[in-house]
Structures are given as structure tokens and as C-alpha cells.
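Computed from a prediction, not measured in an experiment: that's the story for all the values here.
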Amino acid sequence: RRWVRSCGTPSVMAFSCVAADTDSASESEQDIDLTDPEEWEDLHCCHVILIMLAVALPNAVFVIVGSSMGFGLEFYSAMASRSTDLLGYLAVLIAALLCLIHFVFDWNRGPRMMQIIFGLIVTSLIGAGMALNARTFPAAPLYFVMCMIPFLLGILRTFVCPHVHHKSFHLGVSLIMAWCAVVILALWVGFVWFYDHQWNEATKAQLIEGTTSVYEEVYSKRPLDYASDCGPAANVTMYDREERKAIDSACDVAHTIWFLAWSCPLAAVQANLMMAVFAFVAWWNMLSHGASQDDWVRWSLKQCMALLVVWLAVIYFCSTLASADLKLASALSIVGLLVMVGMFGWFYVEIGPTTLFAMKDSSEISPVLEKFREARQSDWGRAVFIGAFGILVPAYLFLDATRQMARRCR
């Protein structure tokens, strides 16, 4: 379906982002050449409103549900039970099984509505699983919520404003995300200042009191007490070495939860600023190249290649850091993976294979594509691929063979 383009007029602004008929959509899309800058348009009012909602709603959930400004302590206390961990693993397992069934039985060839329903179900299951595993992985629900921002922006870019100019879209996203970062920072500073929530012993005692349920559930053998088991005056010398290590690990998880609840808005500010800076750099690069589509695609390809190299360097750094601090290495690996996936997702939505195929013979794009092709076919490129995804290659081959059997049965 195609979305109505005339959503800038006040009379239809409220109803402009509804799907038009399929026949008229295909006819309109045939008249628009995305490789021709003259066919692009600027952001309209409804586009700006939808972008604000796509950015503001996940940020609001992030701050209200995950931080001590809202119900962060209550949320983590409610997710402290061990039964919620099992439910979280079950939800993620069901989502993985659905993805495998989708791959094996070629559900991607089904109707568009079925694809949308399937995507919503899988996304909901993954989000529920991460929320239910908040005790074991305190940052998991926050990662998921912040990943919803580029996901929603990608949906808007694909279905609502595919014909909006790169410069206009990226500038709008950059300004809105910077505005959200400023608002969250102002709210957090006001909360810390006016509600006497500075980082001191009184605030720590309040946070610890709010996460009593976490201390009771975080250690499998018995409930923990902060003063006697985890605090500065804790005395666990009566236990053996293995049990002391287990208690220290459980205390670290509880400490991470209440510190994360206090500093959660700062994480939201940093994430918004990073995405705002990226969108601003993309806008500035497009502005410096004018209306040249070749230069824009070439710059995007170079950014993807540079990010891939940086991600490989991060993976190497994390592998060397894992022996000293496994938690920090895991966190850096997850952040690097999310950034890489977001970058390539942005490239797929913003450029797409159709545009690349149409511009493959361009003198500006061909050298960059040739470098990608050389890297993919070189021995070191294959070695890096096998080293990174070696475990998954046999699984993929098995699933592909199963898919071929399913196709023959049909």
C-alpha cells in the first residue's frame, strides 16, 4: 500500500496517513522515480508529528518504566521472581521457533497482512521476554525499548514518507531526537535537584530499600541482606570460596539494577544524542553534496564499510577484555552489534537494493561496490565470516535443507 502524499494540508492532516487503494498506489509509485531528486518532497506537518511520536513514545516508556523517576524500582521488584525468568526464556524461545517456522515454510511469500501480524507477534514476544528477564539481564528491556526508535523510524520511512528528501528527513529526525535528549536531561536534573535525589548515601539507601525484593530473589540459595551480605560492612567469611563468589555475583546484579534505575535517563540522553548526531552528519553530508544521488550512495556505502571495520575491532577488543571483565566485554559487544545492525538497517531502508541495482554502473558507485565484492571474495573476508558466524553456518545449512524438503512436499 501507498500512503497519501498530500498530508501537509490542514484539512486532511489528521487523516492523511491512512492507506490508499492498492491500484492507485501502484499507479502513483510508477510515476515516482526515487533516483530523481526532483521527485522528492519535504517533510509535512503530519510527518513531523509521526516522527515525534516514534521518538517520544519509546523514550517515555524508557524513562517511566526503567528509571527511579517513574516506576523503575517497582518494575524491577515485580520482575525479581525466578518464575518470571522462566517465562522470559519461554517467550524468547517461542519467538525463535516462530522465526524458524517462518523461514522453513516460506511465510515471507504470504499476504502482507500476515507478515505484519507475524512481525507484531514476534516483536511482542521478544519484548515480553526481555522485560521478564530484567532481573538476570537488567539492561535488556532498556536495550529493546531504545531499539524501537530506529525500528519505528524505519517503518515511517518505508511506508509513510518514502518520497521525503534525505536532507529533510534526516534533519527532522536529528532535531527531534536532540530535543528529546534535552527534555529528558532537563527532567532528570530537575528531579535530582528538587527532589533531593543526588548521588549520596541517602539516595543509595532509598534505592536499596526500593529493591528489597531483588535482594531476596537474586540469590538462588537464600534471600540476601544488603547490610550483612552486600554492603561495605558485609561479612561472608564463614562461607567457602565458591559461595562467596556466588554471593558477590548476586550482589553485583542487585547493585546494577538500582544504579541503572537511578542513571537510566542519562543513558536515554546519550542514546538520543548519538542517533541525533548520526542523522545530523547524514544531513550535512547530503547538504554538502547537493542533489547528487551518486555522492550520497557512495558516502553511505563508505560509512557501512567503516562501521563494519570498527565493529570487527570492537569484537577483537572485547575478546581480549573478556578475561578481565566479562560483563563489560559483553555489554560492549551487544552495543556494537546493535549499532551495526541499526546502521545496515538504515542503509537498507534509505538506499535499498533497487537503488543500488539502478546505479551499479555509475562511475561514482562502481568502485565502492567493487571493493565490497573484493572483500567478500577474498580469503580474509571469508575467514572473518567463518570466524564470526562459524557456529551458525551448519545450522543455516540444516534449516535450508529442511526448507527445500518442505518446498518439495508442497
Side-chain angles (χ1 to χ4, degrees), residues 60-93 126-146 188 191-192 195-239 242-268 271 325-331 334-335:
V61 173
F62 189 92
V63 174
I64 294 174
V65 178
S67 74
S68 56
M69 291 174 57
F71 306 99
L73 299 179
E74 292 81 358
F75 167 75
Y76 283 108
S77 298
M79 300 294 112
S81 175
R82 296 183 184 89
S83 59
T84 60
D85 263 355
L86 297 177
L87 291 176
Y89 291 128
L90 180 61
V92 175
L93 178 61
I126 294 175
M130 290 187 175
L132 292 171
N133 287 131
R135 179 178 67 89
T136 307
F137 307 103
L142 305 182
Y143 282 142
F144 177 79
V145 173
M146 292 310 295
W188 184 75
F191 173 76
V192 168
Y195 287 88
D196 195 19
H197 210 65
Q198 296 88 359
W199 186 250
N200 49 37
E201 293 299 326
T203 301
K204 289 174 62 176
Q206 182 181 356
L207 294 172
I208 293 167
E209 183 180 359
T211 54
T212 304
S213 301
V214 176
Y215 282 97
E216 293 176 353
E217 298 286 346
V218 73
Y219 188 47
S220 59
K221 294 184 179 181
R222 63 178 178 85
L224 295 180
D225 179 71
Y226 176 80
S228 59
D229 295 317
C230 303
N235 184 12
V236 292
T237 56
M238 71 286 297
Y239 304 109
E242 295 298 326
E243 190 165 357
R244 287 200 301 269
K245 289 178 63 177
I247 292 174
D248 290 342
S249 178
C251 291
D252 288 342
V253 173
H255 295 168
T256 301
I257 288 176
W258 52 258
F259 178 76
L260 190 62
W262 181 81
S263 61
C264 176
L266 286 180
D325 194 337
L326 182 60
K327 292 183 178 179
L328 179 60
S330 301
I334 293 173
V335 172

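To the nearest 0.5 Å, the span separating CD on Glu74 from OG1 on Thr211 amounts to 10.5 Å. Distance CG/Leu87 to CE/Met79: 9.5 Å, rounded to 0.5 Å. To the nearest 0.5 Å, atom OG of residue Ser263 and atom CH2 of residue Trp188 are 8.0 Å apart. The OG1 atom of Thr212 sits 12.0 Å away from the CD atom of Glu217 when rounded to the nearest 0.5 Å. One finds the CZ atom of Phe259 at 10.0 Å from the CG atom of Leu207 (value rounded to the nearest 0.5 Å).
The main-chain N or O of Pro138 is found under 3.5 Å from a side-chain atom of Tyr76 such that the two form a donor-acceptor pair. Remark: the backbone N or O of Pro265 is not paired with any side-chain donor or acceptor of Ser67 at under 3.5 angstrom.
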Please tabulate, for the side chains in residues 231-238, all donor-acceptor contacts under 3.5 angstrom to protein atoms that are two or more places apart in sequence or on a different chain.
unit_1, atom_1, unit_2, atom_2, d
Asn235, OD1, Thr237, N, 3.4
Asn235, OD1, Thr237, OG1, 2.8

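Residues Tyr219 and Glu243 are in side-chain contact: their nearest non-hydrogen atoms beyond the backbone lie under 4.5 Å apart.
Heavy atoms only, all atoms of each residue included: His197 and Ser68 are closest at NE2-OG, 3.4 Å.
In this structure, a donor-acceptor pair under 3.5 Å is absent between the side chains of Asp252 and Ser249.
A distance below 6.0 Å separates the ring centres of Tyr195 and Phe191.
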